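These numbers come from a predicted model, not from an experiment.
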Amino acid sequence: MRIVSLAGGIGGARFLRGLKAAAPEARITVIGNTGDDITLFGLRVCPDLDTVMYTLGGGIDEDQGWGRAKESHAVKEELAAYGVEPQWFGLGDRDFATHIVRTQMLAAGYPLSAVTEALCARWQPGVRLLPMSDERAETHVVIEDDQGRRAIHFQEWWVRLRASVPALSFALVGAEKARPAPGVLDAIEEADLVILPPSNPVVSIGTILQVPGIREAVSAKTVVGVSPIIGGAPVRGMADACLTAIGVRTSAQAVLELYGAGLIDGWLVAEQDADVRLDGVRVRARPLIMHDAAAAADIARAAVALGGELA
């Protein structure tokens, strides 16, 4: 079975670990969000790609859900001693090595997709991990504070401000020039099933779908989504702040309507959201909390089973 999953962040990575366990014989291609990417200290950082790579490769800090296990922060402390900004984005020493390799390869002319493949050769995540695009397209957030109305990088809003300043809008800067990375459209076309895991529907899944050609390709396939909202609240993270910014309620019903019946064929929701309905979409209610690896595998198994029904 050939499965494609769009993914970003901790929820997506943990779901993918469950998917590998639930469908061990499947050929899984992951299209990762790169809208969160940022250049820091002269290094190119790809948080969502790395979270997937580390999680599936056994190197993730399980408590945080991001960054490397058994991490130290000597470089961060030395940079702070020099007064180098930004000090609000903390990279660990082990993590720095990944970004150094990536930046060197990009500077040598390798596209991000080739760089990601090279990095995965070490981690062996057990999936084919592709960036959504080799072109740079970064999410920025329009806010209004005591400095007036301005746009800041998504990471500054998310990490430094913790989404405490309301977002007025989001903009994927560079989206108009972005193209799907090599292999992305082919993987979608060949897929038996496309899964949208419980990643942020606005700045993770929504960002990937903004790359020209990806939404159209996904819409032509059998698509099962897993709700990131349970009982009117995000499972983790600040998806509610993102949904509010685009005028969408924080509910499993509203996120399903945001995706639309033209994109989604099946929708997994939590038991407390069993009344969710949308014409043309088959809804299934079941426990959705990924409290351990077995629970994540059960959720992924249900998504694959629903995809089988629809196909």
Side-chain angles (χ1 to χ4, degrees), residues 2-13 15-16 19 27-39 44-56 66 98-99 102 105-106 110-120 125 127-141 153-155 158 170-191 193-221 223 225-226 228 237 239 242 258-259 263-264:
R2 292 163 296 188
I3 300 173
V4 167
S5 178
L6 279 55
I10 299 169
F15 175 86
L16 289 167
L19 181 61
R27 291 167 52 192
I28 302 171
T29 298
V30 178
I31 301 170
N33 169 42
T34 57
D36 294 5
D37 292 6
I38 188 170
T39 298
R44 192 64 179 162
V45 181
C46 301
D48 283 0
L49 292 178
D50 291 345
T51 295
V52 170
M53 184 173 70
Y54 294 154
T55 299
L56 300 187
W66 53 270
T98 298
H99 310 315
R102 177 185 292 117
M105 291 188 69
L106 290 171
Y110 291 96
L112 181 60
S113 52
V115 175
T116 303
E117 182 179 6
L119 293 172
C120 285
V127 302
R128 185 186 185 196
L129 178 59
L130 300 173
M132 66 186 196
S133 178
D134 280 340
E135 282 75 42
R136 186 173 296 190
E138 297 180 2
T139 302
H140 284 64
V141 186
H153 194 283
F154 172 78
Q155 293 293 354
W158 193 254
F170 298 99
L172 185 61
V173 179
E176 68 284 353
K177 296 181 180 178
R179 296 165 296 170
V184 166
L185 295 184
D186 288 342
I188 296 171
E189 182 179 355
E190 295 169 1
L193 175 64
V194 176
I195 299 179
L196 307 185
S199 298
N200 191 305
V202 181
V203 295
S204 290
I205 304 298
T207 299
I208 299 170
L209 293 172
Q210 285 186 60
V211 177
I214 292 184
R215 187 182 187 99
E216 293 77 8
V218 170
S219 297
K221 310 302 294 187
V223 181
V226 181
C242 299
L258 174 65
Y259 285 142
L263 180 73
I264 292 279

Q) Under 4.0 Å between a Lys/Arg side-chain N and an Asp/Glu carboxylate O for Glu138 and Arg44? A) yes
Q) Which distance, rounded to the nearest 0.5 Å, do you find between the OG of Ser199 and the CG of Asp48? A) 7.5 Å
Q: Drop me the distance from Ile205's CD1 to Tyr259's OH, to the nearest 0.5 angstrom.
A: 5.0 Å
Q) Nearest heavy-atom pair of Ile214 and Pro180: which atoms, and what distance? A) CG1-CG, 4.0 Å
(Q) With heavy-atom distances below 4.5 Å as the criterion, would you say the side chains of Arg128 and Ile28 are in contact? (A) no
Q.
Would you say that Glu189 contacts Leu185 through its side chain, given a criterion of any heavy-atom pair below 4.5 Å between the two side chains?
A. no
Q: Measure the spacing between CG of Leu49 and SG of Cys120 and express it to the nearest 0.5 Å.
A: 8.0 Å
Q | Note, Val4 side chain near Ile195 side chain (heavy atom, < 4.5 Å) | A | no
**Q.** Criterion side-chain contact (heavy atoms from CB on, under 4.5 Å) on Arg2 and Val194, from CA distance to verdict
**A.** CA-CA 9 Å; Arg2 292 163 296 188; Val194 176; over 6 Å; no
Q.
Do Arg102 and Leu119 have side chains that approach each other closer than 4.5 Å (heavy atoms only, starting at C-beta)?
A. yes
Q | Step-by-step side-chain contact (heavy atoms from CB on, under 4.5 Å) determination, Arg215 to Leu263 | A | CA-CA 8 Å; Arg215 187 182 187 99; Leu263 180 73; 4.0 Å; yes
Q) When rounded to the nearest 0.5 angstrom, what is the spacing between CD1 in Ile208 and OG1 in Thr34? A) 8.0 Å
Q | 4.5 Å side-chain heavy-atom contact, Ser5 and Leu16 | A | yes
Q: Specify the closest pair of heavy atoms between Glu135 and Arg179, including all atoms of both residues, with the distance to one decimal.
A: OE2-NH2, 2.7 Å
(Q) Side chains of Leu130 and Val30, heavy atoms from C-beta outward: is any pair under 4.5 Å? (A) no
